[in-house]
Amino acid sequence: MKILVCISKTPDTTTKISFVDGNTKFNYEKVQLIINPYDEWYALVRALELKEKGLAAQVSVINVGLADSDAIIRKALAIGGDDAVRVNAEPTDAFFVADQIAQYAINEKYDAVFLGKETIDYNGSQVGGMVAGIMDVPFISLASKFELNGNVATAERDISGGKETIEVTAPFVISCSKGMAEARIPNMRGIMAARTKPIKVIEPNATEKLTSVKNYELPIEKAGCKMIAADNVEELVRLLHEEAKVI
Amino acid sequence: MSVLVYVEATDGKFKKPSFEAITYGAKVAAMLNVEIHALCIGEVSDDELKSLGNYGANKIWFVKDERLKNFDPLVYAKVITQVESQTNSDVLVLIQNFNGKAIAPILSARLKAGLISGAVDLPLMSGDSFTVKKNVFSGKAIANYEMHSAKKIIALTSNSIAPVATENKATVQEIKIELTDADFKLKVKEVVKASCKISLADAEIVVSAGRGMKGPENWGMIEEMANILGAATACSRPVADINWRPHGEHVGQTGLTVRPNLYIAIGISGAIQHLAGVNGSKVMVVINKDAEAPFFKAADYGIVGDVFEVVPKLNEAFKKFKSGN
Ligand SMILES: Cc1cc2nc3c(=O)[nH]c(=O)nc-3n(C[C@H](O)[C@H](O)[C@H](O)COP(=O)(O)OP(=O)(O)OC[C@H]3O[C@@H](n4cnc5c(N)ncnc54)[C@H](O)[C@@H]3O)c2cc1C
Ligand SMILES: Nc1ncnc2c1ncn2[C@@H]1O[C@H](COP(=O)(O)O)[C@@H](O)[C@H]1O
């Protein structure tokens with residue numbers, strides 16, 4: 001089985017969010033970019049575990065992004081990816097990204113596409129389902145466990161109102177959430193090996209633009225926290241009822 | 001033209017997120033001066049279906065097919081696109097829950113329709129421009145998205161709009177969909193229904209606790225508070241990681257995002273990754289013995305105190321309030 005793992009770059013989780021150009025662009029200055037945690041911790045590591053068990057022959061990494069993605073791609077290779085491809089384009093919207101990934105997966109005959117459940121910057125939860133829709137293959141959404149037996153996958157996933165175990169035959173697309181695997185830190189050997197692993201750069205397909213960000217806003221600041229004495233909990237109950245009107 | 005809203009029933013009953021989605025769809029339909037259709041897949045009584053009309057749906061369609069008992073997003077998307085074409089809908093509204101997150105992007109790819117997942121407000125329309133607000137950067141900012149495609153899909157975040165009751169003039173009708181056995185590629189082996197009485201993702205009140213609770217044996221008072229308030233329980237990540245609480249309760253950047261009307265955080269420090277999953281809550285209450293805990297900066301109401309003293313007293317006060325109501 002050939003697995004394609006999709007990784008995106010995202011600001012580090014502790015980044016202070018600000019915007020430039022009249023609130024139309026995210027301010028990348030002094031921002032550290034990391035691999036989106038779901039992609040790294042769950043999608044990539046689970047794919048590598050399958051390879052180590054001899055269940056997958058190849059684990060490739062794909063990113064849609066400009067050259068500033070190379071650092072995160074190298075990291076994914078250091079963790080253990082075999083090879084990488086970068087689609088040389090600024091990701092404009094989820095459909096654009098999904099279309100690039102789906103076309104590549106079809107052309108290169110990947111059996112499974114692994115993604116994170118969502119990016120922590122745009123919180124879309126979109127690319128995975130779109131890739132499945134374009135490829136017309138089953139979509140295992142929000143998976144927290146995944147096992148492979150030849151070409152047959154068993155996965156546990158979240159559905160509205162509970163969890164279920166499903167079975168599906170490759171090819172398929174899977175979006176990964178917590179529980180799939182444990183995060184790994186690249187070791188020295190991995191880092192050295194990554195230096196010589198190939199990163200192929202390809203140009204994007206033309207795709208229609210379905211959405212774009214017009215501008216950003218920061219949330220309205222809270223009025224401040226009203227403090228209530230620990231021995232006056234009745235006052236909290238009263239405020240929640242009369243002032244906040246939430247109980 | 002019309003607006004089509006896809007809703008789901010749980011055990012044959014619609015819950016608040018469905019009424020919110022219908023209300024949302026009705027308001028969008030009013031802006032566009034078109035009809036609003038609702039679609040439900042599965043076994044639901046006529047009366048229950050008709051109840052969607054209370055929130056503005058004009059026509060309510062249902063699809064019955066034994067094979068749709070199990071959730072397969074690819075097949076559900078196929079059903080919805082057929083209904084979309086039969087009802088000539090240009091705007092589709094879904095709920096941003098686990099199933100909605102799986103179906104909406106497939107629909108988007110199929111229909112070449114722009115998708116806003118996690119919308120938090122009604123669209124703004126002026127001339128050709130159609131923009132929708134959604135939270136980004138884990139709730140630390142809001143983005144206004146412009147939709148360029150003719151067809152548009154909006155997946156609505158729960159608790160973003162209050163359901164509004166109207167006069168019910170709805171008709172209920174079955175709609176025939178063509179599906180072949182080859183469409184069903186996903187086999188469901190086992191279903192485990194969520195154990196908590198109230199689903200965390202949709203709860204209006206969430207009582208959440210962190211490492212300040214010291215150990216799993218102390219969660220009785222947290223569950224008691226949730227019981228009194230009709231709330232769901234949640235926890236911080238370390239608490240789930242050390243198995244004090246089930247993983248499904250973990251909220252935050254790497255867990256579930258919740259957006260209740262009231263979030264009560266007990267013995268949680270308020271790390272940025274935790275806040276990322278909860279700062280969309282309308283009102284936040286923080287109980288922490290450390291007056292410097294970062295959570296107080298994000299909170300609306302705070303009590304500095306020991307949970308083992310404050311929570312039992314607060315439970316008594318909530319109980320008294322509830323029995324007086
Ligand atoms: C990439 C990344 C992702 C993460 N994702 C998440 C996530 O999704 N969700 C999440 O929650 N965390 C997440 N974390 C972890 C997060 O940074 C914090 O470590 C975590 O939220 C802390 O949990 P806590 O507040 O329960 O524990 P602590 O930080 O240990 O805080 C316990 C709090 O309880 C208070 N306390 C102690 N005893 C008492 C008492 N008797 N009475 C009253 N108060 C008391 C203390 O003052 C303290 O403020 C993530 C971290 C990283 C690096
Ligand atoms: N630019 C990108 N390049 C490669 N993969 C991506 C990119 N953007 C998103 N993805 C993948 O799609 C998943 C879901 O992203 P999103 O729909 O944006 O929340 C991510 O977790 C990644 O696995």
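Only a predicted model underlies this, so the values are computations on that prediction, with no experimental measurement involved. Below, read A as the first sequence line, B as the second, and so on, with proteins coming before strands; counting in each chain starts at 1. Because only heavy atoms are used, hydrogens play no part in the values below, and waters and symmetry mates are left out as well, while side chains stay in.
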Query raised in the report: Between Lys134(B) (side chain) and Tyr122(A) (backbone), is there a donor-acceptor pair under 3.5 Å?
Result: yes
Report task. Run the numbers on Gln273(B) and Thr14(A) for side chain to side chain contact (heavy atoms under 4.5 Å, CB included), then give the verdict. Result -> CA-CA 8 Å; Gln273(B) 297 90 356; Thr14(A) 55; 3.8 Å; yes
Query raised in the report: By a 4.5 Å heavy-atom criterion (distance strictly below it), what part of Ile17(A) contacts chain B: side chain, backbone, both, or neither?
Result: side chain
Query raised in the report: Asp93(A) versus chain B, heavy atoms under 4.5 Å apart: side chain, backbone, both or neither?
Result: neither
Requested in this report: May I ask you to decide whether Arg110(B) forms a salt bridge with Asp136(A), counting only side-chain N to carboxylate O separations under 4.0 Å?
Outcome: yes
Report task. Determine whether the side chains of Thr211(A) and His148(B) contain a donor N or O and an acceptor N or O closer than 3.5 Å. Result -> no
Query - Residues Ile120(A), Thr254(B); criterion side chain to side chain contact (heavy atoms under 4.5 Å, CB included); working and verdict - result: CA-CA 9 Å; Ile120(A) 62 170; Thr254(B) 43; over 6 Å; no
Query raised in the report: For Lys117(A), is it the side chain, the backbone, both, or neither that has a heavy atom closer than 4.5 Å to a heavy atom of chain B?
Result: side chain
Query raised in the report: Which atoms of Ile159(A) come close to chain B, meaning under 4.5 Å heavy atom to heavy atom: side chain ones, backbone ones, both, or neither?
Result: both
Query raised in the report: Looking at Lys133(B) and Glu217(A), does any basic side-chain N land under 4.0 Å from a carboxylate oxygen?
Result: yes
Query - chain A contacts, top residue of His247(B), Lys282(B), Glu316(B) (heavy-atom pairs, under 4.5 Å) - result: His247(B)
Query raised in the report: Mind checking whether Leu240(A) and Val283(B) have side chains closer than 4.5 Å, heavy atoms only?
Result: yes
Report task. Kindly compute the distance separating CE (Met147(B)) from CG (Leu210(A)), expressed to the nearest 0.5 Å. Result -> 8.5 Å
Requested in this report: Check whether any side-chain heavy atom of Ile142(B) lies under 4.5 Å from a side-chain heavy atom of Tyr216(A), and answer yes or no.
Outcome: no
Query raised in the report: In terms of heavy-atom proximity below 4.5 Å to chain A, should Thr81(B) be classed as side chain, backbone, both, or neither?
Result: neither
Query raised in the report: Between CG of Asn97(B) and CG of Leu142(A), what distance do you get to the nearest 0.5 Å?
Result: 10.0 Å
Requested in this report: Please look at Ala98(A) and chain B and tell me whether the side chain, the backbone, both or neither of the residue comes under 4.5 angstrom of a heavy atom of that chain.
Outcome: neither
Query - Closest contact, heavy atoms only, Val304(B) versus Ala230(A) - result: O-CB, 3.6 Å
**Report entry** side chain to side chain contact (heavy atoms under 4.5 Å, CB included) evaluation trace for Ile303(B) with Leu236(A)
**Finding:** CA-CA 9 Å; Ile303(B) 294 183; Leu236(A) 175 63; 3.9 Å; yes
**Report entry** Most contacts with chain A, counted as non-hydrogen pairs under 4.5 angstrom, among Gly305(B), Gly118(B), Ala143(B), Ala240(B)
**Finding:** Ala143(B)
**Report entry** Polar contact flag, side-chain donor to acceptor under 3.5 angstrom, Gln126(A)-Ser117(B)
**Finding:** yes
Requested in this report: Look at the aromatic rings of Phe137(B) and Phe26(A) and report parallel, tilted or perpendicular, splitting at 30° and 60°.
Outcome: parallel
Query raised in the report: What residue in Glu208(A), Arg238(A), Glu234(A) has the most heavy-atom pairs under 4.5 Å with chain B?
Result: Glu208(A)
Query raised in the report: Can you tell if the side chain of Asp231(A) reaches within under 4.5 Å of the side chain of Lys313(B), non-hydrogen atoms only?
Result: yes
Query raised in the report: Should we say atom CD of Glu242(A) is surrounded by more than 12 heavy atoms from elsewhere, each under 6.0 Å from it?
Result: yes
Report task. Could you tell me whether the side chain of Tyr301(B) reaches within less than 4.5 Å of the side chain of Glu243(A), counting heavy atoms only? Result -> yes
Query raised in the report: Does any heavy atom of chain B fall under 4.5 Å from the side chain of Phe95(A), the backbone, both, or neither of them?
Result: side chain
**Report entry** Short side-chain to backbone donor-acceptor contact, Asn261(B) and Val246(A), under 3.5 Å
**Finding:** no
Report task. Answer with side chain, backbone, both or neither: which region of Asp306(B) has an atom nearer than 4.5 Å to a non-hydrogen atom of chain A? Result -> neither
Query raised in the report: Is any side-chain heavy atom of Leu229(B) closer than 4.5 Å to a side-chain heavy atom of Ile247(A)?
Result: yes
Report summary line: So, the part of Ala298(B) with a heavy atom under 4.5 Å from chain A: the answer is backbone
Query - Under 4.5 Å from a heavy atom of chain A, the part of Ile287(B) involved - result: neither
Requested in this report: Please report the C-alpha distance between Ser160(A) and Glu8(B) in whole Å, then the side-chain angles of each, then the deciding distance to 0.1 Å, and finally whether the side chain to side chain contact (heavy atoms under 4.5 Å, CB included) criterion is met.
Outcome: CA-CA 9 Å; Ser160(A) 298; Glu8(B) 285 170 336; 3.6 Å; yes
**Report entry** Which portion of Ala201(B) sits near chain A, non-hydrogen atoms under 4.5 angstrom
**Finding:** neither
Requested in this report: Taking the side chain as every heavy atom from C-beta outward, state whether Asn123(A) and Ser138(B) have any atom pair closer than 4.5 Å.
Outcome: yes
Query raised in the report: How long is the gap from CG on Leu186(B) to CD1 on Ile140(A), to the nearest 0.5 Å?
Result: 6.5 Å
Query raised in the report: Do the non-hydrogen side-chain atoms of Arg157(A) and Phe71(B) ever get within less than 4.5 Å of each other?
Result: yes
Query raised in the report: Non-hydrogen atoms of chain B under 4.5 Å away: do they reach the side chain of Val127(A), the backbone, both or neither?
Result: neither
Query raised in the report: Can any side-chain N or O of Lys140(B) pair as donor or acceptor with the backbone N or O of Pro219(A) at less than 3.5 Å?
Result: no
Report task. Return the option, out of Val168(A), Thr15(A), Val213(A), with the maximum number of heavy-atom pairs under 4.5 Å with chain B. Result -> Val213(A)
Report task. Answer yes or no: is there a side-chain heavy-atom contact under 4.5 Å between Lys214(A) and Tyr145(B)? Result -> no
Query raised in the report: Any salt bridge between Lys178(A) and Asp241(B), counting N to O under 4.0 Å?
Result: yes
